[in-house]
Enquirer: 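Below: one structure in structure tokens.
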Amino acid sequence: MMNININKSRYQSHPYHLVDPSPWPIATSFAMLVVTLSAVMYMHGFKYGGYLLNLGTVLISTGMALWLRDVIVEATYLGNHTEQVKRGLTIGFALFIISELMAFLSVFWAYFHSSLAPTVEIGGVWPPLGIQILDPFAIPLLNTVLLLSSGAFITYAHHAVIKGNRRSAILGLMLTLLFAILFTALQYYEYLEAGFTIADSIYGTVFFASTGLHGFHVIIGTLFIGVQFIRILNHHITTTHHVGLESSIAYWHFVDVVWLFLYAFVYLWSAPNLW
């Protein structure tokens with residue numbers, strides 16, 4: 001019997017995409033299990049915990065890259081992402097950002113719990129005694145300018161894509177990536193120069209937990225935008241097909257807004273010489 005490969009999406013009676021069986025979800029879940037267990041081993045001083053943690057990180061990165069590669073192929077080359085599918089992806093990503101917001105809410109909760117009513121264990125004052133607060137008008141202010149500027153440039157790129165101006169879209173994404181990398185480099189330098197660590201009082205713990213979590217999101221967002229930059233170079237993104245770009249823009253604006261709250265409260269509000 002002759003085996004004929006037929007594009008099922010052309011003959012189905014609904015606008016949804018029924019995904020073919022894929023090994024990447026289960027592979028990624030096992031990689032996440034490796035990361036979770038190895039992180040606990042590493043924190044408790046197990047001999048090979050660090051090696052396993054690096055292995056798990058590589059496995060997660062590989063699994064996600066291959067998984068997203070298949071999604072790009074389905075969207076760009078197979079035409080499986082109909083308007084209904086794109087709408088579902090947009091709603092799903094919005095829910096994902098809400099879940100990320102809850103993660104930052106827990107960190108801010110810890111910060112305000114300790115700062116609004118300082119206990120006697122930290123001297124009854126905020127910031128705690130002995131903590132040398134970073135100057136909010138040095139690297140933090142520069143990083144604020146960089147991050148807000150990157151948000152403006154990626155919005156410029158979005159409008160350029162809508163208008164079909166590919167050259168301007170590429171320029172906007174390039175500047176966004178440049179500012180994002182500079183932000184990460186400056187925050188790393190700030191960590192090296194900080195006069196306290198994550199183990200120094202509740203302020204050190206909350207400071208590195210909040211800014212570190214945000215820095216991790218900046219790195220993820222940079223990779224996200226970098227993928228869109230590569231896709232636009234390869235003509236994957238058009239005026240009517242750019243859900244991935246819009247998702248990266250929404251994620252980056254979320255990162256911008258969170259940083260404004262971090263700068264206002266963790267840096268400015270905690271600076272004793274300002275109040």
Side-chain angles (χ1 to χ4, degrees), residues 1-36 59-105 154-155 157-166 169-170 172-173 176 217 219-257:
M1 181 179 293
M2 183 178 298
N3 184 14
I4 301 177
N5 186 15
I6 300 176
N7 186 355
K8 294 179 291 184
S9 62
R10 295 179 56 187
Y11 300 98
Q12 63 188 22
S13 59
H14 58 79
Y16 302 99
H17 174 213
L18 302 181
V19 183
D20 295 328
S22 171
W24 310 127
I26 187 67
T28 304
S29 66
F30 275 112
M32 295 178 68
L33 177 62
V34 172
V35 167
T36 304
L59 290 176
I60 285 183
S61 302
T62 303
M64 292 300 298
L66 293 173
W67 192 353
L68 294 176
R69 179 207 61 181
D70 288 353
V71 174
I72 292 174
V73 169
E74 292 167 355
T76 307
Y77 300 111
L78 301 182
N80 291 325
H81 286 192
T82 63
E83 290 300 322
Q84 187 67 31
V85 172
K86 289 191 287 186
R87 189 178 303 113
L89 291 173
T90 301
I91 295 174
F93 197 81
L95 294 175
F96 168 72
I97 290 181
I98 292 175
S99 70
E100 294 289 283
L101 179 62
M102 295 300 105
F104 280 101
L105 181 62
I154 199 171
T155 301
H158 185 205
H159 286 283
V161 167
I162 294 175
K163 294 180 180 179
N165 190 341
R166 182 170 176 270
I170 292 174
L173 290 179
T176 301
H217 281 73
I219 294 173
I220 297 299
T222 304
L223 295 174
F224 198 174
I225 296 170
V227 170
Q228 303 309 312
F229 178 70
I230 295 173
R231 292 190 67 198
I232 198 171
L233 291 178
N234 287 278
H235 300 274
H236 290 181
I237 294 176
T238 66
T239 56
T240 58
H241 185 85
H242 51 267
V243 174
L245 177 64
E246 288 182 334
S247 298
S248 68
I249 293 171
Y251 189 87
W252 198 249
H253 286 322
F254 166 73
V255 169
D256 284 348
V257 173

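For clarity, every value in this text was computed on a predicted model and none was experimentally measured.
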Enquirer: Using the side chain to side chain contact (heavy atoms under 4.5 Å, CB included) rule, take Trp252 and Phe224 through it: C-alpha gap first, then chi angles, then the decisive distance, then the call.
Expert: CA-CA 9 Å; Trp252 198 249; Phe224 198 174; over 6 Å; no
Enquirer: Identify, with sequence neighbours excluded, every residue that meets side-chain contact (heavy atoms from CB on, under 4.5 Å) alongside Thr90.
Expert: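 Checked Thr90 against side-chain contact (heavy atoms from CB on, under 4.5 Å); matches are Val243.
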Enquirer: Go through His159 and Asn165 one step at a time and tell me if the side chain to side chain contact (heavy atoms under 4.5 Å, CB included) criterion holds.
Expert: CA-CA 8 Å; His159 286 283; Asn165 190 341; over 6 Å; no
Enquirer: Taking all atoms of both residues into account, what is the closest heavy-atom pair of Leu59 and Ala31, and its distance?
Expert: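 Where Leu59 meets Ala31 most closely, the heavy atoms are CB-CB, 3.6 Å.
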Enquirer: Please check: side-chain N/O of Arg166 versus main-chain N/O of Thr238, any donor-acceptor pairing under 3.5 Å?
Expert: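 Not confirmed, Arg166 side chain does not pair with Thr238 backbone.
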Enquirer: Considering non-hydrogen atoms only, spot the tightest contact between Ala160 and Ala169 and give its length.
Expert: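 Closest pair (atom of Ala160, atom of Ala169, distance): CB-N, 3.5 Å.
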Enquirer: Please check this pair: side chain of Thr176 against backbone of Ile154, looking for a donor-acceptor N/O pair closer than 3.5 Å.
Expert: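 Yes.
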Enquirer: Could you give the distance from CD1 (Ile97) to OH (Tyr251), rounded to the nearest 0.5 Å?
Expert: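 That separation rounds to 8.5 Å.
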Enquirer: Set out, in order, the CA-CA distance, both residues' side-chain angles and the distance that settles side chain to side chain contact (heavy atoms under 4.5 Å, CB included) for Thr82 and Val85, then state yes or no.
Expert: CA-CA 5 Å; Thr82 63; Val85 172; 3.4 Å; yes
Enquirer: Can you tell me how far the CG atom of Leu245 sits from the CG atom of Leu173, to the nearest 0.5 Å?
Expert: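 If we round to the nearest 0.5 Å, Leu245:CG and Leu173:CG are 6.0 Å apart.
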Enquirer: Which heavy atom of Ser248 sits nearest a heavy atom of Ile225, and at what distance?
Expert: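 So the minimum-distance heavy-atom pair works out to CB-CG1, 4.2 Å.
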Enquirer: When rounded to the nearest 0.5 angstrom, what is the spacing between CG in Asp20 and CG in Asn80?
Expert: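 Asp20 CG to Asn80 CG: 8.0 Å, rounded to 0.5 Å.
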Enquirer: Quick one: does His236's side chain have a donor or acceptor within less than 3.5 Å of a partner on Ile232's backbone?
Expert: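 No, because the side chain of His236 does not come within donor-acceptor range (under 3.5 Å) of the backbone of Ile232.
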Enquirer: When rounded to the nearest 0.5 angstrom, what is the spacing between OG1 in Thr28 and CG in Leu66?
Expert: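 Going from OG1 on Thr28 over to CG on Leu66, the span is 8.5 Å.
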Enquirer: On a heavy-atom basis, which atom in Ser247 and which in Phe93 lie closest, and how many Å separate them?
Expert: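 Answer, listing the atom of Ser247 first, then Phe93: O-CE2, 3.1 Å.
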Enquirer: How would you list, by chain and number, every residue that makes a side-chain contact (heavy atoms from CB on, under 4.5 Å) with Val19, sequence neighbours excluded?
Expert: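 Testing Val19 for side-chain contact (heavy atoms from CB on, under 4.5 Å), a comparison that skips the adjacent residues, returns His17, Glu74.
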Enquirer: Report the distance from atom CG of Leu233 to atom CD of Gln228, rounding to the nearest 0.5 Å.
Expert: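 Reported value, rounded in 0.5 Å steps: 11.5 Å.
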Enquirer: Could you grab the distance from atom CH2 of Trp67 to atom CD1 of Ile72, nearest 0.5 Å is fine?
Expert: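 Here the rounded value is 14.0 Å.
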Enquirer: Over 60° means perpendicular and under 30° means parallel, so tell me whether His241 and His81 are parallel, tilted or perpendicular.
Expert: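 If you compare the ring of His241 with that of His81, the planes turn out tilted.
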Enquirer: Compare every heavy atom of Thr240 with every heavy atom of Lys86, then report the nearest pair and how far apart it is.
Expert: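 Of all heavy-atom pairs spanning Lys86 and Thr240, the closest is NZ-O, 3.0 Å.
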Enquirer: Give the minimum heavy-atom separation between Leu101 and Phe254, together with the two atoms involved.
Expert: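 Smallest heavy-atom distance, with atoms named: N-CZ, 3.8 Å.
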